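Computed from a predicted model, the values in this text were never measured in an experiment. Lettering follows sequence order; numbering is per chain, from 1.
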Amino acid sequence: MTTYPDSARELIEAFAEVPKSSRLELLLEYANALPPLPDRYSNHPELLERVEECQSPVFLFVEVLNGNAQIFLTAPLEAPTTRGFASLLQIALNGQPIDVVANFSDEFINELQLTELVSPLRIRGMHGMLARIKRQVAEKTK
Amino acid sequence: MAYPTDPSPKFQTYSHPEALVSTEWLAENLDPPGLVIIECDEDILLFETGHIPGAIKLDWHTELNDPITRDFLNGQALSELFSVKGISRTDTLVIYGDKSNWWATYAFWILKLFGHEDVRILDGGRAKWIEEERQISTAAPSRTKTDYPVVVRDDLELRAFKEDVFQHFGNPLIDVRSPEEYSGERTHMPNYPDEGALRGGHIPSAASVPWSKSVNEDQTFKSIDELKHLYIDQAGLGEASDVIAYCRIGERSSHTWFVLKYLLGIERVRNYDGSWTEWGSAVQVPIVKGTEPGSAPVWF
């Protein structure tokens, strides 16, 4: 069985606990909870990387601080699904040691049990975000 | 016609004025019996963030597509879906959505395959309603269950398959994708996921008219004169009475399909929903690269 940091495991449990019909509402709550970018990024969009796999514009940036990953993500208010995905990854990975992020299983996305509700096409954007987070972490720890 | 139409002068210049309503008109007709407002978005959560009061949600991907076969839902599935949503066969349906109404026109087109008579598009879509700061609700819709009949979907007049495109060569084709997709520089929209076409380019002889040229900045449809200039003159449709439109998966081309059929009144317009994800991956089909349309193959 795949092991996850507590942050990610709690998210998987949160989605597993609610009935299928309420999972989209839960995703919306996470979408609304995505924190705004700090000024050093909101004023410098050129520092952010565009996630091409997402249908809506998503930008992200990863910093490594004392061996831990600091993850910044932003998506427009008109794209709540994308914001929700960004928020879940941010909660799962922000502040985690870089080796935890590097080894973080893509299976996490399936375990949230959203694929059937949201459609695989839309889920693909979340895989794109995760892949780019991992790549930035790898680049910044060389 | 089940419900009075929007008398806006702009709509009267189109071939089918009854197929559009304005935000002003809808704001005055929010909850009459016999009229159902439907939101159909690209983003599956957008409806929950706030929608036109009384509107119900329809999802193009999880509800209008068949979960297994690459096809739309069948008559039985539509009957079940609409009965649960509380839609009757005689209801007037007003559809709106995000992304300049792409998915609203997609839903409109699919409902026409089922012959639902009175379907209308909200000119300007969700963006215009929000921009005008009109009333928004997060209340979950509650409609009484209905008994929507099982209707056989008729793909013949409004939908084109790959084989139909071969038969159609020599008649006008409209490619509504971005210029980069048309020329073959890329196989998907800028900033969109690649849905897997193996080759880039366009169907031989297709004219390039990106869908977005048919709308104003506020997402409303352009005037009839502008549309005539764009399609009849510039794209060379002239007196054509049989046109096929396509894009990548059929959503942007359903938007242009609506413009050609309901606003310009071209007699026969079909949407090729297999579009580039099928054509660009099929074996031995002819493709043209670059900015020129190229000529229609003669051997088909």
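Each of A:Leu28, A:Thr81, A:Leu27 was checked for a side chain to side chain contact (heavy atoms under 4.5 Å, CB included) with B:Ile44, and the lone residue meeting it is A:Thr81.
Within a 6.0 Å sphere centred on NZ of A:Lys20, heavy atoms belonging to other residues, nucleotides or ligands number 12 at most. Heavy atoms of other residues, nucleotides or ligands lying less than 6.0 angstrom from CD of A:Glu49 number more than 12. Residue B:Glu133 qualifies as open at atom CD: its count of foreign heavy atoms under 6.0 Å is 12 or below. Other residues, nucleotides and ligands contribute at most 12 non-hydrogen atoms within 6.0 Å of the CD atom of B:Glu217. Counting non-hydrogen atoms of other residues, nucleotides and ligands closer than 6.0 Å to CD of B:Glu132 gives a total above 12.
Here the straight-line distance linking atom CG of B:Leu45 with atom CG of A:Leu117 works out to 10.0 Å at 0.5 Å rounding. Annotation: the span from A:Glu78 atom CD to B:Asp41 atom CG amounts to 11.5 Å, rounded to 0.5 Å.
Across B:Asp43 and A:Pro80, no two heavy atoms sit closer than the pair OD2-N, 3.2 Å.
A salt bridge between B:Asp59 and A:Arg122 is present, with a side-chain N of the basic residue lying under 4.0 Å from a carboxylate O of the acidic one.
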